[in-house]
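Below: one structure, written as structure tokens.
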Amino acid sequence: MLFGTRQGETTPSGPDPRTQEEAERTDSGIEAGGQRVPAGGCLREGYRKLYAPTEDSVDLLFSFGLASEAHTRSQKDSRVVAVLKDWSACMAGAGYGGLDTPYEVVEKLGLEADKAGPKAVAAAGKDVACKREVNLVGVWAAVETAYQQRLVEENAQTLALYGKQRDARFKLAASLV
């Protein structure tokens, strides 16, 4: 029973424990071929064994979350906001007004249909020139790196645990092949 459902049902009828530890103490109430079906089904059990074996399991996407948080914080930082204004002014001076961030270039300039066409290449050239002129990449990278370092320091214990668990998960996954 891949999904832990009874015949004719579309959703699991029992609880769906968060960890494998918890699941081993949970009865799904379902049997197949004389064997107890794990809570949430065999597919969910496989997930829990690999990604959430114990209560202290750290999500494999934890580090990506920290990177995303650092980027979000950097976008709001006054130094990045200031350099983005300078970049925007430079782009406007080059004939590409109405842009607040480089993320908007393709959409606001209507380049979706031909991202490699002459109009897109010309805009990209001005974009790079303006980034260099105002040091957008240098400023933003320095600010974001500082936020990343702070988050690494604040989460050092969890990151250490994450590293150990990741290595153990990779070994387990390799053993299943």
Side-chain angles (χ1 to χ4, degrees), residues 1-5 9-12 16 18 40-52 57-156 158-159 161-163 165-167 169-174 176-177:
M1 304 214 104
L2 192 60
F3 300 105
T5 57
E9 294 180 349
T10 56
T11 59
D16 185 16
R18 195 183 73 74
C42 297
L43 187 65
R44 183 76 173 133
E45 179 185 46
Y47 168 85
R48 281 191 304 262
K49 282 185 175 182
L50 193 56
Y51 298 110
S57 296
V58 180
D59 189 319
L60 277 178
L61 298 178
F62 179 74
S63 63
F64 293 100
L66 293 180
S68 178
E69 184 176 339
H71 185 66
T72 298
R73 287 182 184 184
S74 74
Q75 288 175 306
K76 298 174 184 173
D77 187 281
S78 61
R79 295 163 291 183
V80 172
V81 169
V83 78
L84 283 170
K85 283 185 181 180
D86 293 343
W87 171 86
S88 179
C90 179
M91 288 296 284
Y96 300 100
L99 299 170
D100 295 319
T101 75
Y103 296 127
E104 303 171 336
V105 172
V106 171
E107 182 183 340
K108 285 195 173 179
L109 298 181
L111 304 173
E112 296 96 338
D114 191 11
K115 294 178 187 170
K119 186 177 174 186
V121 171
K126 294 299 181 183
D127 175 35
V128 170
C130 287
K131 284 175 179 171
R132 284 184 178 146
E133 183 178 316
V134 302
N135 192 25
L136 175 70
V137 175
V139 171
W140 202 335
V143 170
E144 189 163 335
T145 298
Y147 282 112
Q148 289 170 344
Q149 289 171 340
R150 185 177 307 155
L151 287 167
V152 165
E153 290 168 9
E154 291 171 1
N155 293 279
T158 303
L159 286 167
L161 181 59
Y162 168 86
Q165 290 178 359
R166 183 202 59 224
D167 292 345
R169 289 169 181 164
F170 288 167
K171 285 178 186 172
L172 174 61
L176 300 174
V177 177

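What's counted below: heavy atoms across the whole structure, side chains too, no hydrogens, waters or symmetry copies. A quick note: this is a predicted structure, and the numbers were derived from the prediction, not measured.
Side-chain atoms of Lys115 and Val106, non-hydrogen and from C-beta on, do get closer than 4.5 Å to each other. For the pair Ser57 and Tyr51, the minimum side-chain heavy-atom distance is 4.5 Å or more. Residues Glu45 and Arg48 have side chains in contact (heavy-atom distance under 4.5 Å, counting atoms from C-beta outward). Between Leu151 and Arg73 the shortest side-chain heavy-atom distance falls below 4.5 Å. Under the 4.5 Å side-chain criterion, counting only non-hydrogen atoms from C-beta, Leu159 is in contact with Val152. By the 4.5 Å heavy-atom criterion applied to side chains, Leu60 and Arg169 are counted as neighbours.
Taken from CD in Glu144 to OG1 in Thr72, the straight-line distance is 8.5 Å, to the nearest 0.5 Å. The distance from atom CD of Glu133 to atom CG of Asn135, rounded to the nearest 0.5 Å, is 11.0 Å. Here the straight-line distance linking atom CH2 of Trp87 with atom CG of Leu99 works out to 4.5 Å at 0.5 Å rounding. We find the CG-OG1 distance between Leu66 and Thr158 to be 8.5 Å, quoted to the nearest 0.5 Å.
Checking each of Val139, Leu136, Asp100 against Leu84 for a side chain to side chain contact (heavy atoms under 4.5 Å, CB included) leaves exactly one that passes, namely Leu136.
Lys126 contributes no side-chain N or O that, together with a main-chain N or O of Met91, makes up a donor-acceptor pair within less than 3.5 Å. The backbone N or O of His71 sits less than 3.5 Å from a side-chain atom of Ser74, completing a donor-acceptor pair. Listed for the Asp114 side chain is a donor-acceptor partner under 3.5 Å among the backbone atoms of Gly117. Of the possible donor and acceptor atoms, one in the side chain of Gln165 sits under 3.5 Å from a partner among the backbone N and O of Val58.
Judged purely by distance below 3.5 Å, without hydrogens or angles, the side chains of Asp127 and Tyr96 never pair a donor atom with an acceptor atom.
Environment of CZ in Arg166: crowded, with over 12 heavy atoms of neighbouring residues, nucleotides or ligands closer than 6.0 Å. Shown here is Lys85, whose NZ atom has no more than 12 heavy atoms of other residues, nucleotides or ligands within 6.0 Å. More than 12 heavy atoms of other residues, nucleotides or ligands sit less than 6.0 Å from atom CD of Glu112.
Contact record, Ala123 with Leu109: CB-CD1, 3.9 Å, taken as the closest heavy-atom pair.
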Phe62 vs Asn155, side-chain contact (heavy atoms from CB on, under 4.5 Å): CA-CA, chis, key distance, verdict: CA-CA 10 Å; Phe62 179 74; Asn155 293 279; 3.7 Å; yes
Derivation of the side-chain hydrogen bond (donor to acceptor under 3.5 Å, both in side chains) call for Asp77 and Tyr147: CA-CA 10 Å; Asp77 187 281; Tyr147 282 112; 2.8 Å; yes
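Between Tyr103 and Trp140, the ring planes are perpendicular. Angles over 60° get that label, and only those under 30° would be called parallel.
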